Amino acid sequence: MLSPWIGKAILLVDLDAFFASVEQLDHPAWRGKPVIVGGDADKHGVVSTASYEARGFGVKSAMPSSMAHQLCPNAIWTHGHFHRYHEMSQAVMNILIQESPFIQQVSIDEAFLDVTPISPNDEHPYLIAQRIQEKVSKLGVSCSIGLGTSKTVAKIASNIKKPHGITTIYPGQEREFLAPLDVREMSGIGAKAQEFLYKRSIKTLADLALASDKTLTTIFGKNANMMKNRALGIDNSPVESTDEVKSISNEITLSTDATTFEEVDAVMGTMASKVGRRIRKAKLKGSTLTLKIRFSDRTLKTAQKKLSEPTDNERYCMPILRELLQDIWSPGMPVRLIGVGLSSFDMDCYQQSLFIDEDTEVQKAKNEKLSRAADALKDKFGEQAVFYGREIKVHDRSTHTVAKNPSTPMHPSSLKD
Ligand code: TTP
Ligand code: MG
């Protein structure tokens, strides 16, 4: 018998060993075996994710592939099949949308859902979580769910029972649940913040809630108070449906660093064509173009240009992206991540340039025709149907999109880091 649920109810649904589970679904012979999705060990690759069988040997996301090989020499390796992960992610999001219109997708395999019982939809949130798990299982993958009164609690709870668990923190139990947990469990606290806090004997969320404002401000700045409240289970941030598009971007983390112009240009071309396709689907045109590069030492550089006219065409963007690239990168510098984005979808988008140059117009028409033909083919035969020239190579080198931005056409993403 379930205790009644009074008040706000938020679910965080997170797929289990997502990329590896899709691989096991698509390759029945791999089921029940250690599977690793990642880059090649001899090219300094890293692990994207590992099946739970491989995790038993200590293999983890972001671990160097060479180490994963040592820990689990018999694992089955794959570079990954990104269109399948995207497809599966969409199918899961469709299940969630049927359960509540208040959905916030936060990564390719994760979304918050507000399922607060309000008459006439006053079904117990736990039953909704159970139904979601069943429907997701029918797709051939599994998910874990955290249920709580806030996004903070739901997110932390979702990690407690994995795989295929539901962890419920009833209203009023938040503080007791959070208190003994390691500070690292909280979103926004990474390895560096953890080290800083540990040095000051702040190890659990209870310690964090009691820490001085001065210490918390040193590490979290203007978010100090918010973090303290969250450690106490106080978090009123809403599940924000993300329909309003402010920018459309795609980024990719490479399994091995790109160092030559040819390599970087090929990846940039692929990201630009993904952005182009999404922006055309959304029927928008953007007038600010952004290029983002993360180097192997994790430093990040971005370059931006206001375009002379709004565009939805990657071919128009490529020469400008190459100029931007020159500003922030020189051949030989090892590149780990490349992102391309278009933004500024204001009224200017719909204005035509006042000075029409005939040659440019002819080229523009040609570009448009080519892009639309490619879109039509991709609509019919899938994302992998058409590649532009050098793009093809990218699919052998890239392991995953790590942007906390799934490439859903109407999902906004920011290139800010
Ligand atoms: P996660 O949800 O963090 O991990 P997961 O789904 O593989 O495993 P878990 O059961 O713990 O949720 O990430 C979702 C996918 O994102 C993951 O399957 C692969 C990709 N990813 C990377 O490529 N690199 C990374 O470092 C991480 C953390 C994830
Ligand atoms: Mg997951």
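Because the structure is predicted, anything quoted here is derived from the model rather than measured. Residue indices begin at 1 and follow the sequence shown. Whatever order the structure lists them in is the order used to number ligands and atoms, beginning at 1.
Atoms of ligand 1 lying under 4.0 Å from any heavy atom of Asp14, numbered from 1 in the order shown and given with element: 2 (O), 12 (O). Distances below 4.0 Å separate heavy atoms of Phe18 from the following atoms of ligand 1: 5 (P), 6 (O), 7 (O), 18 (O). The ligand atoms of ligand 1 that sit less than 4.0 angstrom from a heavy atom of Leu15 are 6 (O), 9 (P), 10 (O), 12 (O). Each of the following atoms of ligand 1 lies closer than 4.0 Å to a heavy atom of Ser61: 25 (C), 26 (O), 27 (C), 28 (C).
Proximity of Met63 to Val46: side-chain heavy atoms (C-beta onward) are nowhere separated by under 4.5 Å. Leu113 places a side-chain heavy atom less than 4.5 Å from the side chain of Ile103. No side-chain heavy atom of Tyr52 sits under 4.5 Å from any side-chain heavy atom of Ser21. Between Arg277 and Arg280 the shortest side-chain heavy-atom distance falls below 4.5 Å. Between Ile10 and Val115, the closest side-chain pair of non-hydrogen atoms is not below 4.5 Å.
Here 3 is the count of protein N, O or S atoms positioned under 2.8 Å from the Mg ion (ligand 2), waters not counted.
The number of heavy atoms from other shown groups lying within 6.0 Å of CE (Met67) does not exceed 12. By the 6.0 Å contact criterion, CG on Asp42 is enclosed, its count of non-hydrogen atoms from other residues, nucleotides or ligands being greater than 12.
When non-hydrogen atoms are compared, ligand 1 lies under 4.0 Å from the side chain of Arg55 (C-beta onward) but not from its backbone. With a 4.0 Å cut-off on non-hydrogen atoms, Lys162 touches ligand 1 through its side chain and not its backbone.
Here's the thing with Ile108: none of its N/O atoms is less than 3.5 angstrom from an N/O atom of ligand 1. The distance criterion of under 3.5 Å between nitrogen or oxygen atoms is met by Phe19 with respect to ligand 1.
At a cut-off of 3.5 Å, with distance as the only test, a side-chain donor of Asp182 or Tyr198 sits close to an acceptor on the other residue. Using a 3.5 Å distance cut-off with no hydrogens or angles, the side chains of Thr149 and Glu174 do pair a donor with an acceptor. Side chains of Thr260 and Glu262: a donor-acceptor N/O pair is absent below 3.5 angstrom, by distance only. Under 3.5 Å, the side chains of Thr215 and Thr218 contain no donor-acceptor pair of N or O atoms.
Heavy-atom separations between Tyr52 and ligand 1 include at least one value shorter than 4.0 Å. Residue contacts with ligand 1: Ala17 is included, with a non-hydrogen atom under 4.0 Å away.
Heavy-atom proximity to atom 4 (O) of ligand 1, evaluated over Thr49, Val22, Thr253, Asn159, is greatest for Thr49.
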